[in-house]
There are 2 protein chains.
Amino acid sequence: MKDCTIYKTMDIIGKRWTLCILLELYKGDNNEKQFNELKGMIKGITPKMLSTRLKELEEQGIIRKRVDSTALPARSFYSMTESGIDFIRIIQDIKKWALTWQFDNPKCKMSECKYCTNTVTSK
Amino acid sequence: MKDCTIYKTMDIIGKRWTLCILLELYKGDNNEKQFNELKGMIKGITPKMLSTRLKELEEQGIIRKRVDSTALPARSFYSMTESGIDFIRIIQDIKKWALTWQFDNPKCKMSECKYCTNTVTSK
DNA sequence: TTTCATAGTATCACATTAGAAACCTCCTAC
DNA sequence: GTAGGAGGTTTCTAATGTGATACTATGAAA
C-alpha cells in the first residue's frame with residue numbers, strides 16, 4: 001500500500017464526477033437530495049456512475065443516505081456529513097485557484113457555488 | 001465540452017502521481033530538481049509516467065523545465081511556477097482534511113510537507 | 001391493467017490509463 | 001571500445017474506468 005496521505009486521498013476524491021456530486025449536494029438550501037434530482041442536475045452522468053460514486057462517498061463517510069420507506073415507492077435522500085461539508089472549502093479553493101491560473105469563467109467567478117445554477121453540460 | 005470549472009480542473013490535477021510530483025518539487029530548499037532525482041524520491045513511479053506527468057504540468061504552466069545544455073550530457077531541471085506554488089496550499093489543505101477525517105498518519109500529521117522525508121513506497 | 005415515477009442494477013463494449021521491460025542517445029571516464 | 005549515468009522513449013499488455021442501453025422492483029394513479 002502506498003503510504004502517502006495525498007496519494008491515498010486522491011484515490012477517493014480524484015475520480016470523475018465525485019467533486020461535482022459533492023458540489024450539487026452542497027448547492028441550494030435543502031440539505032437532502034434524491035437520486036433522480038442529482039441525476040437531473042449533473043447532466044451527462046449515467047445512473048450507473050452516480051450510483052457507484054454515491055456508494056463510494058457513503059463508504060468513506062463523506063455523504064450519508066437516508067431511506068424513507070414510509071413513502072412509497074421508497075425514497076432515498078442523500079446529504080453531506082460533517083466531513084463532506086468540511087471538504088467544500090477545499091473545492092472552493094480549487095475553484096478559486098483554477099479561475100486565477102487556468103480558466104476564465106466569469107459565471108463561475110461571480111457566483112458562490114451554493115447558489116450557482118450552472119450544470120455540467122453534456123459535450 | 002464540460003462547462004464546470006471544478007470538473008475541468010480535476011482533469012488536470014486529478015491524475016495519478018500529479019499531486020505527489022508537485023509535493024516533491026516543493027520539498028526541501030532547492031527549488032530545482034532533476035528527472036532521476038524525482039524518480040528516486042517517488043518510489044514506484046515509472047519513467048514513462050513521470051515523463052508524461054511532467055509534460056502535462058509544464059503545458060498547464062504549473063511547472064517549468066530548464067535545460068542546461070552547457071553541462072554535458074544536458075541536464076533538465078524542473079521547478080514550480082507561481083501557479084504551482086499557489087497550489088501547494090490546496091494540497092496542504094487536502095492533507096489536513098484527510099488527516100482529520102480519513103486517515104491516521106502521525107508521521108504526516110507532524111511534519112510540514114516541505115521537510116517531510118516520506119516517500120511514496122511501492123506496494 | 002396499463003402506465004408512470006422512483007431508485008436503482010445488469011450487461012456489454014469501448015477507451016483510457018498504468019505498468020513492465022527494453023531500448024535509445026549523448027557524452028564522459030576508464 | 002566499453003561501461004555508465006542522465007534523461008528520457010517505445011512497445012506491449014493488463015487493469016480500470018466509463019458509457020449506452022436495457023432492465024428490474026415497488027406501488028400509486030388513471
Side-chain angles (χ1 to χ4, degrees), chain A residues 1-2 4 7-8 10-21 24-25 30 32-60 63-79 120-123, chain B residues 1-2 4 7-8 10-21 24-25 30 32-60 63-79 120-123:
Chain A
M1 275 287 287
K2 314 287 175 182
C4 176
Y7 193 104
K8 289 193 293 181
M10 290 314 287
D11 266 2
I12 301 177
I13 56 151
K15 292 183 178 173
R16 189 117 86 151
W17 301 112
T18 300
L19 295 200
C20 288
I21 291 169
E24 290 304 329
L25 284 174
N30 58 328
E32 287 194 318
K33 293 191 182 73
Q34 296 177 51
F35 190 88
N36 281 329
E37 201 175 343
L38 290 168
K39 191 153 72 68
M41 289 167 87
I42 307 167
K43 290 214 181 69
I45 199 170
T46 58
K48 180 187 166 190
M49 290 317 302
L50 183 54
S51 169
T52 305
R53 291 288 173 270
L54 287 171
K55 221 169 284 169
E56 286 166 4
L57 285 167
E58 195 190 354
E59 269 163 31
Q60 284 132 15
I63 69 170
R64 80 171 68 81
K65 177 184 181 176
R66 180 176 70 81
V67 180
D68 180 358
S69 30
T70 69
L72 287 164
R75 282 167 193 212
S76 303
F77 294 91
Y78 296 92
S79 59
V120 179
T121 54
S122 55
K123 71 161 189 271
Chain B
M1 277 286 287
K2 314 289 175 178
C4 176
Y7 194 103
K8 289 193 293 181
M10 290 314 286
D11 267 1
I12 301 177
I13 57 151
K15 291 185 177 170
R16 190 117 87 150
W17 300 112
T18 300
L19 295 200
C20 288
I21 291 169
E24 291 304 328
L25 284 175
N30 57 328
E32 288 194 318
K33 293 192 181 72
Q34 296 177 50
F35 189 88
N36 281 328
E37 201 176 344
L38 290 168
K39 191 154 72 66
M41 289 167 87
I42 307 167
K43 291 214 180 67
I45 199 171
T46 57
K48 179 189 164 190
M49 290 318 301
L50 183 54
S51 168
T52 305
R53 291 289 172 270
L54 288 172
K55 221 169 284 168
E56 287 166 4
L57 285 167
E58 195 190 354
E59 269 164 30
Q60 284 132 15
I63 69 170
R64 81 172 66 81
K65 178 184 181 176
R66 179 176 71 81
V67 180
D68 180 359
S69 30
T70 68
L72 287 164
R75 281 166 194 216
S76 304
F77 295 90
Y78 296 92
S79 59
V120 179
T121 53
S122 55
K123 71 158 188 277

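This structure is a prediction, so every number in the text was calculated from the model and none was measured. Within every chain, numbering begins at 1; the chains are lettered A, B, ... in the order of the sequence lines, protein sequences first and strands thereafter.
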Phosphate contact ([N] OP1 or OP2) by [X] side-chain N/O below 4.0 Å:
| X | N | value |
| --- | --- | --- |
| A/K55 | C/dA7 | no |
| A/K33 | C/dA7 | no |
| A/T46 | D/dT21 | no |
| B/S51 | D/dT9 | yes |
| B/Q34 | D/dA6 | no |
| A/Y78 | C/dG8 | yes |

Of B/K48 and B/N36, whose closest DNA chain D nucleotide lies nearer the 5' terminus?
->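 Whichever sits nearer the 5' end wins; that is B/N36.
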Sequence neighbours excluded, which residues qualify as side chain to side chain donor-acceptor pair (under 3.5 Å) partners of B/E32?
->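 Partners of B/E32 under the side chain to side chain donor-acceptor pair (under 3.5 Å) test: B/R66.
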Measure the distance from [atom1] on [X] to [atom2] on [N] and round it to the nearest whole Å.
| X | N | atom1 | atom2 | answer |
| --- | --- | --- | --- | --- |
| B/K43 | C/dA20 | NZ | P | 15 Å |
| B/F77 | D/dA6 | CZ | P | 11 Å |
| A/R53 | C/dG8 | CZ | C1' | 16 Å |
| B/I45 | C/dT17 | CD1 | P | 15 Å |
| B/L54 | D/dA6 | CG | C1' | 14 Å |
| B/L38 | D/dA6 | CG | C1' | 13 Å |
| B/E32 | D/dG7 | CD | P | 12 Å |
| A/M10 | C/dA18 | CE | C1' | 16 Å |

From [options], nucleotide with atom closest to [X] side chain:
| X | options | answer |
| --- | --- | --- |
| B/K15 | C/dT11, C/dT17, D/dT10 | C/dT17 |
| B/R75 | C/dT9, D/dA6, D/dG19 | D/dA6 |
| B/M49 | C/dG19, C/dT6, D/dT18 | C/dG19 |
| A/S76 | C/dG19, D/dT9, C/dA7 | C/dA7 |

Sub-4.5 Å side-chain heavy-atom contact between [X] and [Y]:
| X | Y | answer |
| --- | --- | --- |
| A/R16 | B/Y7 | yes |
| B/I21 | B/I45 | yes |
| A/L38 | A/L54 | yes |

For residues 45-58 of chain A, which residue pairs qualify under salt bridge (Lys or Arg N to Asp or Glu O under 4.0 Å), counting only residues two or more places apart or in two chains?
->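 Listed once each, the pairs are A/K15-A/E56, A/R53-A/E56.
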